[in-house]
Amino acid sequence: MERQEIEKRVKQVVSRILRIDESMIEPSSHFVFDLGAESTQSIELVDAFEQEFDIEMDREAALAVKTVGEAVDFIAGYVAR
């Protein structure tokens, strides 16, 4: 799967879970500081990414991801397997 497709789907998930417009989401957007994610929403995001991409991520490592771009890279590593 192309990185661009992963980024598009990550933005859709973030938009749905955090209830913000996709146009506000950039690769450099920090989940907490820029997008306002709370700790429970971080867990929801991990679950939603796993479901969206049909993968099982290392939860501790996934929760350490801070930006949308990092999430795209992290997920790309799982999708490529």
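With respect to the salt-bridge test (charged N to carboxylate O, under 4.0 angstrom), the residues Asp47 and Arg59 qualify. With respect to Lys11 and Glu22, no salt bridge is recorded, no charged nitrogen being found less than 4.0 Å from a carboxylate O.
Taken to the nearest 0.5 Å, the CD atom of Gln12 stands 8.5 Å off from the OG atom of Ser15. The line from CZ of Arg9 to CD1 of Ile75 is 9.5 Å long, rounded to the nearest 0.5 Å. Between Lys66 atom NZ and Leu63 atom CG the span is 8.0 Å, to the nearest 0.5 Å. Rounding to the nearest 0.5 Å places CZ of Arg3 at 15.5 Å from NZ of Lys8. In this structure, Ile17 CD1 and Ile43 CD1 are separated by 12.0 Å, a value rounded to the nearest 0.5 Å. Ile25 contributes atom CD1, which lies 7.0 Å from atom CG of Leu18 (distance to the nearest 0.5 angstrom).
With respect to Ile6, the side-chain contact (heavy atoms from CB on, under 4.5 Å) criterion is satisfied by exactly one of Phe49, Phe74, Phe53, Tyr78: Phe53.
Heavy-atom minimum distance, Ser28 versus Asp34: O-OD2, 3.7 Å. The two residues Ala62 and Val46 have their closest heavy-atom pair at CB-CG2, 3.9 Å. Scanning both residues, Ala64 and Glu70, for their nearest heavy atoms gives O-OE1, 4.5 Å.
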Q: Walk me through it: do Ile55 and Met57 pass the test side-chain contact (heavy atoms from CB on, under 4.5 Å)?
A: CA-CA 6 Å; Ile55 56 176; Met57 300 185 288; 3.7 Å; yes

Q: Take Thr67 and Phe31, measure what side-chain contact (heavy atoms from CB on, under 4.5 Å) needs, and give me the verdict at the end.
A: CA-CA 6 Å; Thr67 68; Phe31 287 111; 5.6 Å; no

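With contacts defined as side-chain heavy-atom distances shorter than 4.5 Å, the pair His30/Leu35 does not qualify.
Enclosure of atom CE in Met1 by more than 12 non-hydrogen atoms of other residues, nucleotides or ligands within 6.0 angstrom is indicated. Residue-environment remark: CG (Asp54) stays at or below the threshold of 12 foreign heavy atoms within 6.0 Å.
Cluster annotation: Val14 and Val32 are assigned to distinct hydrophobic clusters (Ile/Leu/Val/Met/Phe/Trp/Tyr, side-chain heavy-atom contacts under 4.5 Å, transitive).
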